[in-house]
Amino acid sequence: MYSKEDRERILADLPKHSRYPEATRREALSLLRKGLGPAAASRRLGVSSDSVVASWSRKTAGGC
């Protein structure tokens, strides 16, 4: 049996599951650079929420 600390360390080392493919993220960022807002980009790509697209933008260097 693992201790709580060991479980947390093991889980932190595992790759995180990505709900959307990298190509979707790249396309969303491209749409934002072309002037679409996060809501329009998320609707066009079938992303569940505009906040997801906005988050991807914030995570890129300098945003869009």
Side-chain angles (χ1 to χ4, degrees):
M1 192 61 124
Y2 292 107
S3 69
K4 181 180 178 184
E5 292 81 19
D6 286 339
R7 282 193 308 274
E8 289 173 357
R9 183 182 47 78
I10 291 167
L11 290 174
D13 291 340
L14 291 175
K16 300 223 185 310
H17 171 71
S18 180
R19 182 171 180 177
Y20 298 101
E22 185 59 32
T24 302
R25 294 172 193 223
R26 284 193 306 267
E27 182 63 22
L29 294 173
S30 174
L31 292 172
L32 293 177
R33 283 191 294 274
K34 291 176 182 177
L36 258 64
S42 66
R43 279 193 304 272
R44 182 177 286 188
L45 297 172
V47 175
S48 64
S49 168
D50 61 330
S51 63
V52 172
V53 174
S55 145
W56 293 340
S57 178
R58 284 190 305 272
K59 289 178 183 177
T60 61
C64 287

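Just so you know, these numbers use all the heavy atoms, side chains as well, and skip hydrogens, waters and symmetry mates.
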If you look at every heavy atom in [X] and [Y], which pair is closest and at what distance?
X: Tyr20; Y: Arg25; value: O-NE, 3.7 Å
X: Ser42; Y: Ser49; value: CB-O, 3.8 Å
X: Val53; Y: Ala41; value: CG1-CB, 4.2 Å
X: Arg33; Y: Arg26; value: NH2-O, 4.5 Å

**side-chain contact (heavy atoms from CB on, under 4.5 Å) partner of Thr24, the single match among Val52, Leu29, Val47** = Val47
Point-to-point distance, once rounded to the nearest 0.5 Å, from [atom1] of [X] to [atom2] of [Y]:
X: Ser3; Y: Arg9; atom1: OG; atom2: CZ; result: 8.0 Å
X: Leu36; Y: Arg43; atom1: CG; atom2: CZ; result: 8.5 Å
X: Glu8; Y: Glu5; atom1: CD; atom2: CD; result: 6.5 Å
X: Glu27; Y: Leu32; atom1: CD; atom2: CG; result: 10.0 Å

